[in-house]
*Asks:* 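I have a structure here, written as structure tokens, and I will follow up with some questions on it.
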Amino acid sequence: MRDRFAIFGAKSQEWLVGLLLIVPAFLALLFLRVIPAGIAVWESLHQRSFFNPDEKMFVGLDNFVFLFTTSPTFLKSMLVTLVFVTVTVAVQTVVALMLALLFTQRGWGMSFWRTLVFLPITIPVAVSAVVWGTAMRGDGIINAALERIGIPAQPFLASSDQALWSVVIIASWIGVGYWMVFLIAGLRDIPDDVKDAAALDGAGPLRTFFSITLPLLKRPLAFVVVANTVANFLQFVPAAILTQGGPENSTRFVMYEIYTQAYVQGDVSLADAQIVLVLIVLLAIVALQFRLLRSKE
Amino acid sequence: MGAIPRFATVLFTIAGICVALLFMLPVIWMLTSSLRPNAEIFAHFSPLTWQSIVPETWTLSNIVGLLGTGFGRSLLNSLIVTVITTTLGLVMAIMAGFAVSVLTFPGRNVLFAFFVVGFSVPFDAVAVPLSAQVREVGLTNSFFGLALAGLGNGFAIYLLRQFFLGIPRSLAEAARLDGASWLRVLWSVYLPLAKGPIIAAGLTLFVFQWQAYLWPLLVATDPKMQVGPVALAGLVSLSGVIDFSQMFAGALFLSIVPAGLMLWLQRYFVSSVSRSGMTG
Amino acid sequence: QTLTGAGDTGPVELNLVSCCKPTYFGPSVEQWNAKNPDIQIEQEVIPFAQLNDILESRIRAKDTTFDILILDPPRTASFAARRFVLDLTDVLGEKLAKTTNAESLEAVTYRDHLYAVPVFNSTQILIYNPEMLKEAGVEPPSIDPAERATWQEIIEKAKTVKEALDLPYGIAFSQGHTFYQLQPIIMSAGGGVGLTGDNMLTPEVNGDAWKEAMGWYGSLYADGLAPRGVPFPQMDALYTSGQLPFLATTTDRVREFQNQGVPFAVAAFPYMEGGEAYTPCDSFALAVNPFGQHQAQAVEFLTWLGTTEEGGFAAAAQSPNVPANLLVMNKVSDEMEAASDNLDGLKELIEYETDKTCAHRPASVGYVQFETEFLQANMDIINGADASSRLDQMQSQLEVALSRIR
Amino acid sequence: MAQVTLRSIEKRFGSTRVVKGVSLDIANGEFVSLVGPSGCGKSTLLRMIAGLEDISGGDLMIDGRRMNAVAAKRRNIAMVFQNYALYPHMTVAENMGFSLRIKGLPKAEIATQVRQAADVVGLGDYLDRLPRQLSGGQRQRVAMARAIVRHPAAFLFDEPLSNLDAKLRVQMRSEIKSLHQRLGTTTIYVTHDQIEAMTMADRIVVMNVGEVEQEGAPLTLYDHPESVFVAGFIGSPAMNLIEGTLSPDGFTAGPLTVPVRARATGPAILGVRPEHLILDPEGHAATVALVEPTGAETQVHLDLAGHKLTGVFRERIADAPGSTLHVRFDPDRLHLFDRETGKRIATP
Amino acid sequence: MAQVTLRSIEKRFGSTRVVKGVSLDIANGEFVSLVGPSGCGKSTLLRMIAGLEDISGGDLMIDGRRMNAVAAKRRNIAMVFQNYALYPHMTVAENMGFSLRIKGLPKAEIATQVRQAADVVGLGDYLDRLPRQLSGGQRQRVAMARAIVRHPAAFLFDEPLSNLDAKLRVQMRSEIKSLHQRLGTTTIYVTHDQIEAMTMADRIVVMNVGEVEQEGAPLTLYDHPESVFVAGFIGSPAMNLIEGTLSPDGFTAGPLTVPVRARATGPAILGVRPEHLILDPEGHAATVALVEPTGAETQVHLDLAGHKLTGVFRERIADAPGSTLHVRFDPDRLHLFDRETGKRIATP
Ligand SMILES: Nc1ncnc2c1ncn2[C@@H]1O[C@H](COP(=O)(O)OP(=O)(O)OP(=O)(O)O)[C@@H](O)[C@H]1O
Ligand SMILES: Nc1ncnc2c1ncn2[C@@H]1O[C@H](COP(=O)(O)OP(=O)(O)OP(=O)(O)O)[C@@H](O)[C@H]1O
Ligand SMILES: [Mg+2]
Ligand SMILES: [Mg+2]
């Protein structure tokens, strides 16, 4: 036993324990996510014959070249996705934070009201999409309400100008309550005495929020932003059901593009090339966010 | 805090109710729609009247009809699969989250980066090759096979890491000196102090699995293994017509379980105590 | 040709991948199981929206866990060319020719080989609300294919009724986003099926006829006559809740509307002025998994369905669709017509359309790409895009997409 | 600068009464020390004055205005917390400058003032560190500096020097005192350190289980404790207390008799401070129990006729435990208390 | 019980050397006090001994075994943290019983031991409270009790009494001492309290910026500090240090001349403890700057020929600032240090 891990110092056993604790999750992620992603990288360098899917040819970067030069939709879908993600993450994070603040205040039945806000995430996305699609119909309930207050009916999902924003609203209705939960957990973790100190230093509620609460919420906030980015980057069900990527490709999210490519049209190589690009873009964004949201504490 | 006027409490309560209502409106509409005949659902949008929300004819036939389609069984399947995923996934995530946040060892950050890559991989995109492998090892039509998709959840690990980092390290040190093994430190110190985040992580796993749709389609070919969301989507007829009232009834049934769970777990979201045993 | 499972003795369990409600194949499976203890069939139901996607990926992965699959006829070429379905020409070709609607058989034939047993057929009709028409003083269109109305006439009537009764809309197309429902209109305007060439891999979707038909179709929405911004699955509900007088839809609505007690009458599917009449056709067929373990037993079941009266009836029992099995076709349409006294002539109409006006979708390996592109273009046109330029765009995008098929 | 008045202030946590009707008048510019046993409610009282804890009963007046319902941030009071409560995400400089930033002072001005305050507490080199990179004492000094930098109407200190070494503590003590002299800011200062309490404060308030036992000038409390509790609490090592009986002959406890000048008779307690034990060959013979040299002095624990006494002597005493030492009590420095009530018995 | 040996122990945080080669031999059962200015590395040293911090260099031996790589939980060492580190979710009783529960002791046994330890620290009534419901001093006592209950091989205390009131501190001090006498457990005790360090320890180790300045028996350090640093650090109020020159005539600092018996000459520092200033009408005339009565004594800050001096007198002195006081230095108690090296200059 003596000095077996001497090079690591007193805390050496942590290495072994850490290893053991990580192994299950590591294997799960390795086999369920990372290896399939690796296969996608390999496949993206090949082209499978349509008529004989078993036959595959090494084509180098041809698939990528196709995506960037020939594909009529890929670049557009990347752009649409980036816009969607940026807006949705911003909207959802801000709203979720506001709700988290509201629902950590003292009030009657607060936990019950909070649960109601959380409820939408539990409804199958496909059904939520139907409900909102119905509500946003030209003659739907939202337009009826708008007309009541004197605003003309809007086309919402039927217009290439409004469709993306409509999907943002739907995605936010679904997600906001969910992200709120993490922020509530984070808010609860901020020590009271630090807030006390700020109050004595003369900080009002707003000041305390921006100078104390927000910086100390950085870790959970970083989680929400990163997780939300990834989740929305990969989100496509509402758009697939409601708009099929339209009108005029305005809601053609890149995951929908991949789904169509791989499942509907059976062009696996091209889909894999897209997956690789999505992964690269996503990791770049996440790395950037990590950098920006690193907490000092 | 001293000196908080009482009317603020009233104000916050009202705000809370308003927000909750706003989020509930679509759900309420679903609820009432599931209690009215299919034809009536879309009849009263414009202009807005009370009938848009309140059914003219109340009927339970949608719900009764729904239960006749074996929906109950699917719900039960969903529950079993989700419990498996949540339990196993949570155990794995807690262990890994603890390791990458509390323990210090070489390669820790590399491992964490690996987890980040892991959760950036779009699952829908790798589901097909994965389902082929699951089929090869003979896990199709098993609850475990269904649960597998949710197990490799890097999000839960990342989430727990973020919160574990917020627990003062000296607590772990005190426990170590008290003779606790690292597992014991995890069990006796970190778990009780991170109840809220652990519930949040559990919810992540729960919701992922509860909403799972594509994966069950790929690996659960036996109708006896059908899960709720798939059963719900099956209410669409050949020519694309949907029995909306039945679908809404089903959706509501599907959300009862997680909503109830959330309501029950509320009380563990108590104010954090993680720093209250110390100075500085 | 040898089929797997041919020599098997003892009980076998077959897996049938179908879609939609379990009742589609439920009665057939039950009746078969009751009579064939050695070959028991288990039904797996996949929601319609994902049916083809899931099948595609499972067969590509050489899934052996199912034996019979539901086949959407326009996919026949694509599936057959990739050997995703078993060639049934030798075992069933001749027998089926005697008992099955020839048009339906054609739809599941690729390069003279038969790949599936057509179980259902479909056609479309125009449903109208006789009470509304009467109130607005509009002459109802005829159910007689010989006196088929033109679309232009119908649109006029729809406008009149809409205005007279102050209805939100005049007409709806229950599958108006799909090529299935729009193909007859385009062809009636003189357009082709959209794909040509040796392999049917050359798009031809921006000719004058196409542009005219689609321009006309888009104008219905632009004018507010047809409902823009309403999800297509909700079109029927507009009709049943009394918000419009005309609904172009499939025959299966007849039974449904009757059950619901909705007022309706049937007219023949209209045609474009100066053109010929076409109607959509074809519906699900059953095929055999080339990687399945019990092909022989699967064929036995398909034979029973496609070539016997008993099997045909079993299949037709709960389906609102038209059977493809000629042995039962007559009786089923009789029943449908007899169900109500305002349906006189429905049987003749169905027989006429399935025989004479059937417009098959293009038998191309690239049909999926074609259908996907059409859906996008069509939705854009419905939402107000200029038909002409949008079809030009579709033409070029489709060329790119089809160029990937090698 | 502010005048702080407490009128029957109460604090309940659930059903536990932690502060039981405390009344105090603190004049403008006064320096008051709050002392009392651990858990007696000192921190709670400070927190109520600061506005961090709801007041369960009574009135808190600052400059004549009732402040019970005024938010903490409007009271312009600075507090050094017993557990520091530093902002973990801010550097030392940011921690200190936070209140100034809120006031909207220009950056350069903030930097100057922060640097000044940092120099006062000797943290000039640590301005860019985060709290977690500091030692315990360094953190405490940051907390001090954060209060000093603000020039508030009143200072509340909750054991601000407890984690500092003796040298630094003496230094900080005089810093605080000269600061007080310079600024004249009303100050309430909780401490466990006798020397701090005695030397810094204009007035000492002694608390016991949520109540004020006695208040007064430091030497008054020292020389004339009104109760056994105060007598035992003020002064370290604590006053020796001997139970006995008072008769016209003097004070008797078993074989021990001490002549006193009290008129009262009955059960009583005699108090004598350790430094008022005088080595005297003529004195009572006592057995040495333990000798503790502190350098400057020697603390000797004695057994005198069964009573345990402590004496503090300037002399280095090296007697081994068990040996005999002769001591007498300084007759001018004796205290007498009623055994029932614990109250002081007047001596003419 | 354990014997602890440190051989050139080093600690670096990044590039900062915080502990710079500390060597120490602590005998089995010894009670060692570790003192030094804030931030000098005391806590860091304790943490390395406990196994909470990796050792950057040197060897740590416990009972002759090299322990650098042994996990904290296997060292059987108890530590009272400077910031308490109580388990916030456990009651006082659970906090105390945690280590026993891990050892697998039966419940009844745990309850008994917990109760005993709680009584030692006077927390018997608080066993069911959570840490956040306790006052600062109460928390510190829980931390103490948690260490006591364990009967470990060695105790490490990091300023365990700093938040306690004087009375309780004296009481706890003797508790710890008698505990040590009873159990004989090797103890390393960090403190800022002079009296604690002097009276409790067998040996005092004085640290300064990561190094050991001097170690030895308490009185040795007090009477013979080897350096200016130790001279100034040990003793409170601190020793008066006067810079001047040593010549065969004695020690000269401006107009002040003090006869000393040193052989060396050159720039030097004269040290005299406050208690070794003696009131004497024949002595040097000094101006009173400040008078601080502490009750038992009076601390007087003086200005003697431009040198600031502090004197501690048993007498109550009421002279107003500005008045003159005559003092002389106890000639037997003078200390001399080299001004360059800070080292002690031997006096015969
Ligand atoms: N949240 C709470 N719930 C219940 N009791 C509490 C709570 N906070 C403090 N107490 C109790 O109130 C009493 C007074 O606490 P307080 O912190 O004011 O003491 P203190 O005089 O500052 O003591 P110390 O000198 O040890 O810091 C203590 O007995 C403590 O246990
Ligand atoms: N994690 C860290 N990173 C950088 N420097 C550190 C870190 N922890 C401690 N230090 C520095 O190391 C030095 C020694 O710290 P340590 O806590 O050991 O001091 P200490 O002697 O215990 O002081 P105190 O009496 O104030 O508690 C201090 O200057 C401190 O700022
Ligand atoms: Mg306190
Ligand atoms: Mg320290």
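All values below were derived from every heavy atom in this structure, side-chain atoms included, with hydrogens, water molecules and symmetry-related copies excluded.
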*Asks:* Where on V18(D) is there a heavy atom nearer than 4.5 Å to chain E: the side chain, the backbone, both, or neither?
*Replies:* neither

*Asks:* Looking at chain D, which one of T44(E), L168(E), V170(E), V312(E) has the largest number of heavy-atom pairs inside 4.5 Å, strictly under?
*Replies:*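 Of the candidates given, the most pairs with chain D belong to V312(E).
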
*Asks:* Please flag which part of T16(D) lies under 4.5 Å from any non-hydrogen atom of chain E: side chain, backbone, both or neither.
*Replies:*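 Contact with chain E involves the side chain of T16(D) alone.
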
*Asks:* May I ask you to name which of S236(E), G235(E), S162(E), G137(E) has the most heavy-atom pairs under 4.5 Å with chain D?
*Replies:*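 Of the options given, most contacts go to S162(E).
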
*Asks:* Taking S135(D), G295(D), P37(D) one by one, which has the highest count of heavy-atom pairs under 4.5 Å against chain E?
*Replies:*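 Greatest number of close heavy-atom pairs with chain E: G295(D).
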
*Asks:* Under a 4.5 Å heavy-atom cutoff, which of Q140(D), Q138(D), R141(D), M198(D) has the most pairs with chain E?
*Replies:*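 Greatest number of close heavy-atom pairs with chain E: M198(D).
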
*Asks:* Would you give the length of the straight line joining atom NE2 of H335(D) to atom CE of M239(D), rounded to the nearest 0.5 angstrom?
*Replies:*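 Result: 3.5 Å between the selected atoms.
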
*Asks:* Could you go through E275(E) and R314(D), starting from their C-alpha distance and side-chain angles, then the distance that decides it, and tell me whether this counts as salt bridge (Lys or Arg N to Asp or Glu O under 4.0 Å)?
*Replies:* CA-CA 9 Å; E275(E) 64 267 27; R314(D) 266 291 167 92; 6.0 Å; no

*Asks:* Relative to chain E, which segment of Q299(D) carries a heavy atom at a distance below 4.5 Å: side chain, backbone, both, or neither?
*Replies:* side chain

*Asks:* Would you say R139(D)'s side chain and P131(D)'s backbone share a donor-acceptor pair under 3.5 angstrom?
*Replies:* yes

*Asks:* Looking only at heavy atoms and a cut-off of under 4.5 Å, which of T191(D), L164(D), V291(D), D223(D) has the most pairs with chain E?
*Replies:* L164(D)

*Asks:* Would a 4.5 Å heavy-atom cut-off, applied to side chains only, mark L134(E) and Y84(E) as touching?
*Replies:*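 No, side chains not in contact.
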
*Asks:* Highest number of heavy-atom pairs under 4.5 Å with chain E: which of L219(D), V35(D), D158(D), D193(D)?
*Replies:* L219(D)

*Asks:* What's the spacing between E226(E) CD and E213(E) CD if we round to 0.5 Å?
*Replies:* 10.5 Å

*Asks:* Do side-chain atoms of E215(E) reach the backbone of L34(E) as a donor and acceptor pair under 3.5 angstrom?
*Replies:*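 No; judged by distance alone, with no hydrogens or angles, the pair does not exist.
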
*Asks:* Checking the side chain of D165(E) only, and the main-chain atoms of S38(D) only, is there a donor and an acceptor separated by less than 3.5 Å?
*Replies:*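 At least one qualifying donor-acceptor pair exists.
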
*Asks:* So which of E196(E), E292(E), R169(E), E297(E) has the biggest tally of heavy-atom pairs under 4.5 Å with chain D?
*Replies:* E292(E)

*Asks:* A296(D), P293(D), C40(D), G39(D): which one forms the most heavy-atom pairs within less than 4.5 Å of chain E?
*Replies:* A296(D)

*Asks:* Backbone N or O of E159(E) within a donor-acceptor pair of the K42(E) side chain at under 3.5 Å?
*Replies:* no

